[in-house]
Amino acid sequence: MSSTGNGQAAREVYRIGISMSGAISAGAYTAGVFDFLMQALAELDAARANPAHRDHAKVPQTYEPRVVVMTGASAGGITAALGAVSLGYGLHFQPDPTISTGRRPVEMAPRLGPDPIEGVMPSLYNAWVIKPRMVDETGGAALLSNSDVVGDKASALKSLLNTEVLDQIRDESMRRPPESPLMQSAPYPFLFETLHVYLTITNIGGVQYDIKGDNDSALYHMVNHADRVHFKIAGLSERAVDVQGWADMDNGDKLTVEELRQSNGQTDGWKKVGQSALATAAFPAGLSARELSDTPDGFKDRWFPAPAFAGATINPVFPASYHALQPAFFSWGNMDGGVINNDPFDYARYALINDWRTHASNPRAPADADRAVIMISPFPEGKTVGEYEPPNLALTKVLSKLLPALLSQVRFKVDELAAAADPTIASRWLIAPRRSNDPAENPSSVNIACGALGGFGGFLDQKFREHDYILGRRNCQRFLQTWTASKFTVATGTPVIPLVGSAAIEVPQPQWPKMSGYDFERLMVHIRARGQAVIPAMLRQLLPGWVAMLATPFVRLWWRLTGVPAVRATMEGALEARGQL
């Protein structure tokens, strides 16, 4: 063991990475898991710091859990980015003398469902539960409002849904939130001095990389679309990493918490965090693609989550037109990071490796594991294959199945999921939706209210998102406490993160939510109106002006007579099958 400056033996560090999958509206579940995990870590440190604390005896004396890295794709990327911002501003508590730490999470509001909701990150709750709504009867921005297709905006339609509300969510989340009675701000003992945040993005144009061996004059060219952004956020803790690992040497944008607080999130670096959160979640066609910018040098010295190649060099190459730009920054378009890398476990795993040049894995055996990646996945079962059908090799049929096949293949990561399911491997764990009290229950997306309609169902009703936020907090608590499949412990059997203080108070099971008939009918009115507004804007982009003008009334008629009834039937069937209507 190392020693501290006063001669006392220092505790060993148990390194933690958090990997958050894409989930569309079920990001509300991911946000709930993340909220409780930060609460549990904060309460554990509070008990450790006070020898008179009545839970002090439960605190491990030989090690301390510390978060090194957070990675995310799509909805998970939003949670990682905005979660880092929330940490920068502070965790929210309120006084409660009945709890050993003298505090408990604050109550989240406003809420529409019957269950009270607590948490330590109100801005994350606002971003995932309150704001991303389909309809706003007050006239504010919503996913089905038409403010993005009025006037000159119509010619620049970027998505089927109105993503101006996402811009508002980003801007609100980057600003300092109102303070709570008790606030815990950085430095946080449960983090390292620099927190690494990786968000996957799908770079539409791609980046060319040239690969050359030491003794090879030939160059090999590849274009990479599986891009990422990397933020190195300093000032969240006073403890530095003792080893310069893979993520520390990887190129990334360096930010400080002090800059966030002083600028209210308005420095170029922190603005990029907010924009990157929207870029990683830009679901194709449904949500607007997003621009990011950097210089060509920003792509140098990037490490790929792969073993080091001692005898080869991999360098980005840009045409001369990029280097001639003044100023030197160039922009590129991005869509959902989940299109190619929906589970960025690989970045989290490599960020935990010390000697990554010679060892491509972390200690796995329960007796040796001193670090682990916690995966948060609202859709753990992934995609399934339908009933048998004889192959149809007609050209149009093959083309229609090509894109889904490519998406499924790039998301096939058997090594990661198999390792998470293997009870002999203690370096990776999975938190996924469960509703029963059986600690051995198999997780499934049927347990989340946002799971309908391929993950878009949560946007239909705030009560769905409230349920999943609570369930995420409850599932995280039970993962740390009782789940048979986890046993998230060190070699001695001690929990890595014992539950103390307010984290030990049971998070109640939320009631299964239902959408009212009135709200459903109101939603259908807005769906019909959205289609009527989007159709001419789309046709003007696809067809010559006079053809688009002639086609518009016929397509609108089709939408009213055929499209809307089909959408209604699909939504009714999906919600009724899950008991949500």
*Go through the steps for Arg228 and Asp346 under the test salt bridge (charged side-chain N to carboxylate O under 4.0 Å, His left out), then give the verdict.*
CA-CA 12 Å; Arg228 90 295 193 276; Asp346 44 358; over 6 Å; no
*State, yes or no, whether a side-chain contact exists between Trp270 and Met174 at a heavy-atom distance under 4.5 Å.*
yes
*Kindly say whether the aromatic ring centers of Phe283 and Phe456 come within a distance under 6.0 Å.*
yes
*Between Tyr209 and Phe304, is the gap from one ring center to the other below 6.0 Å?*
yes
*Within 45° of the six-membered ring axis of Phe299 and under 6.0 Å from that ring's centre, is NZ or CZ of Arg302 located there?*
yes
*For the residue pair Asn162 and Ala142, what are the closest heavy atoms and their distance?*
CB-O, 3.5 Å
_In the structure I gave you, are the side-chain heavy atoms of Ile18 and Thr71 within less than 4.5 Å of one another anywhere?_
no
*Check the pair Ser276, Phe231 against side chain to side chain contact (heavy atoms under 4.5 Å, CB included), reporting the backbone distance first and the verdict last.*
CA-CA 10 Å; Ser276 298; Phe231 299 104; 3.6 Å; yes
*asked:* Using a strict threshold of under 4.0 Å (side-chain N to carboxylate O), is an ion pair present between Arg465 and Asp468?
replied: no
*State, to 0.1 Å, how close Pro565 and Trp559 come at their nearest heavy-atom pair, and which atoms those are.*
CD-O, 4.3 Å
_For the backbone of Ala533 and the side chain of Asn146, can you confirm whether one donor and one acceptor N or O come within less than 3.5 Å of each other?_
no
*Judged by modelled atom types alone, do Asp519 and Ser516 share a side-chain donor-acceptor pair under 3.5 Å?*
yes
*State, with a plain yes or no, whether a side-chain heavy atom of Met571 is found less than 4.5 Å away from one of Glu576.*
no
*Assess the side chains of Ser21 and Asp343: does a donor N or O sit below 3.5 Å from an acceptor N or O?*
yes
_Nearest-0.5 Å distance, CG of residue Asp227 to OG1 of residue Thr200_ = 9.5 Å
*If you draw a 6.0 Å radius around CE in Met538, do more than 12 non-hydrogen atoms from other residues or ligands fall strictly inside?*
no
*Got more than 12 heavy atoms from elsewhere within 6.0 Å of CD, Glu572?*
yes
*Donor on one side chain, acceptor on other, Asp301 and Asn251, under 3.5 Å*: no
*In Å, rounded to the nearest 0.5 Å, how long is the span from CE of Met524 to CZ of Arg568?*
5.5 Å
*asked:* Between Thr79 and Trp128, do the side chains contain a donor N or O and an acceptor N or O under 3.5 Å apart?
replied: yes
_Could you measure the distance from the CG atom of Leu542 to the CZ atom of Arg540? Nearest 0.5 Å is fine._
11.5 Å
_Counting C-beta onward and ignoring hydrogens, is there a side-chain heavy-atom pair between Asn264 and Tyr89 closer than 4.5 Å?_
yes
*Are Tyr347 and Asn341 close enough that some pair of their side-chain heavy atoms sits under 4.5 Å apart?*
yes
*Shortest non-hydrogen contact from Leu539 to Ala551?*
CD1-C, 4.0 Å
*Any side-chain donor-acceptor pair under 3.5 Å between Glu259 and Thr267?*
no
_Just verifying a value: how many Å separate Ser145 OG and Arg530 CZ, rounded to the nearest 0.5 Å?_
7.0 Å
_Counting C-beta onward and ignoring hydrogens, is there a side-chain heavy-atom pair between His526 and Met134 closer than 4.5 Å?_
no
*Mutual orientation of the aromatic rings belonging to Trp246 and Tyr350 [parallel < 30°, tilted 30-60°, perpendicular > 60°]*: tilted
*So His196 and Tyr198, would you call those rings parallel, tilted or perpendicular, with 30° and 60° as cut-offs?*
parallel
*Should we count CG of Asp268 as having more than 12 external heavy atoms under 6.0 Å?*
no
*Nearest non-hydrogen partners of Lys232 and Ala247, listed with the distance*: CE-O, 3.5 Å
*Go through Val129 and Arg111 one step at a time and tell me if the side chain to side chain contact (heavy atoms under 4.5 Å, CB included) criterion holds.*
CA-CA 9 Å; Val129 177; Arg111 63 180 174 87; over 6 Å; no
*asked:* Restricting to non-hydrogen atoms, name the atom on Pro513 and the atom on Ala449 that form the minimum distance, rounded to 0.1 Å.
replied: CG-CB, 3.6 Å
*Does one side chain, of Ser123 or Ser86, offer a donor that lies under 3.5 Å from an acceptor on the other?*
yes
*In terms of heavy-atom contacts, does NZ of Lys158 have more than 12 from other residues, nucleotides or ligands at under 6.0 Å?*
no
*asked:* With a 3.5 Å distance limit and no angle check, can you tell me whether Gln511 reaches the backbone of Pro114 through a side-chain donor-acceptor pair?
replied: no
*Flag for Gln462-Glu466: side-chain donor and acceptor within less than 3.5 Å*: yes
*Between Ile204 and His225, is a side chain to side chain contact (heavy atoms under 4.5 Å, CB included) present by the stated rule, with each step listed?*
CA-CA 6 Å; Ile204 299 173; His225 297 272; 5.9 Å; no
*Tyr125 and Tyr469: aromatic ring centres closer than 6.0 Å?*
yes
*Using the salt bridge (charged side-chain N to carboxylate O under 4.0 Å, His left out) rule, take Glu389 and Lys397 through it: C-alpha gap first, then chi angles, then the decisive distance, then the call.*
CA-CA 13 Å; Glu389 295 180 0; Lys397 289 292 184 180; over 6 Å; no
_Are more than 12 heavy atoms, taken from residues, nucleotides or ligands other than Arg528, located less than 6.0 Å from that residue's CZ atom?_
no
*Which pair of heavy atoms, one from Ile169 and one from Pro132, lies closest together, and at what distance?*
CD1-N, 3.8 Å
*asked:* I need the single residue from Asp336, Asp167, Thr280 that forms a side chain to side chain donor-acceptor pair (under 3.5 Å) with Arg290. Which is it?
replied: Asp167
*Take Thr313 and Ile211, measure what side chain to side chain contact (heavy atoms under 4.5 Å, CB included) needs, and give me the verdict at the end.*
CA-CA 6 Å; Thr313 57; Ile211 304 172; over 6 Å; no
*Roughly how far, to the nearest 0.5 Å, is the CG atom of Leu292 from the OG atom of Ser331?*
8.5 Å
_Apply side-chain hydrogen bond (donor to acceptor under 3.5 Å, both in side chains) to residues Glu258 and Gln262 and explain how you reach the verdict._
CA-CA 6 Å; Glu258 184 179 6; Gln262 290 183 350; 3.0 Å; yes
_Between Thr163 and Asp148, do the side chains contain a donor N or O and an acceptor N or O under 3.5 Å apart?_
no
*Measure the shortest side-chain to side-chain distance between Leu260 and Thr256 over non-hydrogen atoms and say whether it is less than 4.5 angstrom.*
no
_Polar side chain donor-acceptor pair, Arg170 to Gln275, under 3.5 angstrom_ = yes
_Between Asp210 and His221: side-chain donor-acceptor atoms closer than 3.5 Å_ = yes
*Hey, what do you get for CG (Leu112) to CG (Asp461), rounding to the nearest 0.5 Å?*
7.0 Å
*With a 3.5 Å cut-off and no angle check, do the side chains of Glu172 and Asn126 form a donor-acceptor pair?*
yes
*asked:* Under 4.0 Å between a side-chain nitrogen and a carboxylate oxygen: does that hold for Lys272 and Asp253?
replied: yes
*Quick one: does Pro122's side chain get under 4.5 Å of Pro177's, heavy atoms only?*
no
_When you compare the side chains of Asp297 and Thr295, does any donor N or O come within less than 3.5 Å of an acceptor on the partner?_
no
